[in-house]
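The first residue of the sequence shown is numbered 1, and numbering continues consecutively from there. Atoms within each ligand, like the ligands themselves, are counted from 1 in listed order.
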Amino acid sequence: MNEAHAPVRLLIHGASGRMGQALLRLASERDDLVVVAAVSRSQPAQRVVDGVAHFAVAELSGAPEFDAAIDFSLPEGFDAILHLCDERRAALVSGTTGLEAEQREALTAAAGRIPLLWAANFSLGVAVLNELVERAAAALPGWDCDIVESHHVHKKDAPSGTALALGASAEQGGAHPRYQSLRAGDIVGEHFVQFTTLGERIELNHRATNRDIFARGALHAAVRLAGRAPGAYRLRDLLA
Ligand code: NAD
């Protein structure tokens with residue numbers, strides 16, 4: 001939270017999307033933050049909804065002062081919100097997946113000037129799953145490691161950012177993960193990690209049934225991140 005312990009002023013980027021809508025709904029239930037701007041790709045039908053000012057991306061530079069932005073948009077929209085946070089010296093929490101290598105590099109560079117957190121997944125369960133996967137991989141040298149992820153049909157990137165993060169954990173433990181992606185119906189997000197050798201198999205599974213878990217994690221992280229020193233923070237740094 002900021003120094004005066006006033007509510008953290010939040011900008012939500014990607015406000016009209018599935019995650020944006022969950023963020024706006026859950027933000028309205030908290031008294032440690034206030035949403036001062038909601039930004040979507042296109043011109044909003046209504047300027048002010050439930051006391052929150054809505055903006056189109058083209059109007060981003062005219063957004064009011066804010067302490068932290070939460071970004072759940074698409075890679076096409078990411079550069080603009082990173083630039084705005086950098087310019088305003090505001091914190092950035094981003095869960096946008098499918099970023100290009102140059103965008104990841106820009107994130108790393110901006111961490112020298114503003115506090116920021118990018119996470120492929122804001123659920124506590126997946127944070128624990130990452131630790132389990134790394135431990136299993138380290139304990140099972142030579143076993144096959146397969147990661148299968150399932151999401152709703154509208155998801156653009158594959159493998160999911162979470163699958164790639166789980167793969168990175170597996171690699172930390174010395175495994176060489178392979179990926180499979182399924183796109184079906186309205187699945188919120190499922191990640192299945194399997195370690196197999198001759199005659200035996202370990203299966204680790206995480207199912208998200210409601211995207212509110214991601215929104216809650218991101219709101220919590222934004223309140224914790226606002227006003228901190230510049231740097232690239234991890235979700236686990238901000239959970240306590
Ligand atoms: P969505 O398609 O429902 O919403 C996308 C939002 O981004 C919309 O508000 C749209 O107006 C906005 N947008 C699109 N192009 C834009 C642009 N060029 N500039 C600014 N805004 C733009 O998507 P969603 O399901 O809400 O997911 C959003 C992102 O969050 C995806 O990358 C998804 O993979 C990711 N996600 C991450 C987590 C996590 O825990 N890290 C969880 C769920 C989703």
Side-chain angles (χ1 to χ4, degrees), residues 10-27 35 37-46 49 52-63 69-85 92-100 103-104 107 116-130 149-166 168 181-191 206-222 225 233-236 238-239:
L10 266 192
L11 179 148
I12 308 272
H13 190 244
S16 65
R18 282 170 284 262
M19 280 302 301
Q21 291 294 297
L23 285 161
L24 286 173
R25 177 170 44 77
L26 293 169
V35 179
V39 182
S40 306
R41 181 170 28 194
S42 44
Q43 186 74 26
Q46 269 180 280
V49 183
V52 177
H54 284 247
F55 297 83
V57 167
E59 306 165 314
L60 198 55
S61 61
I70 300 184
D71 165 60
F72 281 83
S73 61
L74 295 179
E76 306 87 278
F78 178 78
D79 296 350
I81 189 63
L82 180 63
H83 179 72
L84 184 71
C85 288
L92 174 61
V93 169
S94 176
T96 299
T97 59
L99 297 180
E100 301 291 340
Q103 294 179 306
R104 305 302 300 265
L107 253 181
L116 55 83
L117 162 69
W118 179 89
N121 196 300
F122 280 86
S123 93
L124 178 61
V126 166
V128 172
L129 181 61
N130 268 292
E149 57 97 351
S150 307
H151 281 89
H152 55 87
V153 292
H154 303 292
K155 184 166 177 63
K156 300 252 166 46
D157 52 318
S160 68
T162 302
L164 293 172
L166 288 166
S181 298
L182 299 176
R183 295 289 172 263
D186 62 354
I187 299 171
V188 173
E190 297 184 5
H191 292 86
H206 180 270
R207 290 199 179 101
T209 52
N210 187 323
R211 51 180 57 83
D212 284 6
I213 54 167
F214 310 127
R216 280 204 181 87
L219 289 168
H220 181 78
L225 195 62
Y233 291 78
R234 297 166 306 171
L235 193 53
R236 74 175 83 145
L238 302 170
L239 281 177

Run the numbers for me: atoms of ligand 1, each under 4.0 Å from some heavy atom of [X], listed by number.
X: E76; result: 18 (N)
X: G77; result: 17 (C), 18 (N), 19 (N), 20 (C)
X: G17; result: 1 (P), 3 (O), 4 (O), 8 (C), 9 (O), 26 (O)
X: V57; result: 19 (N), 20 (C), 21 (N)
X: A119; result: 41 (N)
X: A15; result: 9 (O)
X: T96; result: 32 (O)
X: K155; result: 34 (O)

Which protein non-hydrogen atom lies closest to [atom], naming both residue and atom, and how far is it?
atom: atom 40 (O) of ligand 1; result: F122 N, 3.0 Å
atom: atom 31 (C) of ligand 1; result: S73 O, 3.4 Å
atom: atom 27 (O) of ligand 1; result: M19 CG, 4.3 Å
atom: atom 35 (C) of ligand 1; result: G95 O, 3.4 Å
atom: atom 39 (C) of ligand 1; result: A120 O, 3.3 Å
atom: atom 23 (O) of ligand 1; result: R18 NH2, 3.8 Å
atom: atom 30 (O) of ligand 1; result: F72 CD2, 3.4 Å
atom: atom 8 (C) of ligand 1; result: S16 OG, 3.4 Å

Please report whether ligand 1 has a polar contact with [X], defined as an N or O pair separated by less than 3.5 Å (distance criterion only).
X: S40; result: no
X: G14; result: yes
X: H152; result: no
X: V39; result: no

Compute the minimum heavy-atom distance from [X] to ligand 1 and say whether it is under 4.0 Å.
X: H13; result: yes
X: H154; result: no
X: G98; result: no

Can you check whether [Y]'s main-chain N or O pairs, donor with acceptor, with [X]'s side chain at less than 3.5 Å?
X: S94; Y: W118; answer: no
X: E149; Y: A163; answer: no
X: S181; Y: A158; answer: no
X: E190; Y: H206; answer: no

| message | Would you say S160 and H191 are linked by a side-chain donor-acceptor pair, where the criterion is simply a distance under 3.5 Å? | response |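 Side-chain D/A pair, H191 to S160: present.
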
| query | For the residue pair H152 and V188, what are the closest heavy atoms and their distance? | reply |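 Closest approach of H152 to V188: CD2-O, 4.5 Å.
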
| said: Show the nearest heavy-atom pair for residues A27 and L219, with the distance to one decimal. | reply: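 Looking at all heavy atoms of both residues, the closest pair is N-CD1, 3.8 Å.
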
Close side-chain approach of [X] and [Y], heavy atoms under 4.5 Å:
X: L166; Y: N130; result: yes
X: L10; Y: L23; result: no
X: L107; Y: L99; result: yes
X: H54; Y: Q46; result: no
X: T162; Y: T97; result: no

| request: Please name all residues satisfying salt bridge (charged side-chain N to carboxylate O under 4.0 Å, His left out) with R41, sequence neighbours left out, ordered by chain then number. | output: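 Expected list: none.
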
| Passing option when F72 is tested against F78, F122, F214 for ring-ring contact (aromatic ring centres under 6.0 Å, His included) |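 When F78, F122, F214 are each tested with F72, the ring-ring contact (aromatic ring centres under 6.0 Å, His included) holds only for F122.
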
| request: From the options L23, T97, L74, select the one whose nearest heavy atom is closest to atom 34 (O) of ligand 1. | output: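 It is T97 whose heavy atom sits nearest to atom 34 (O) of ligand 1.
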
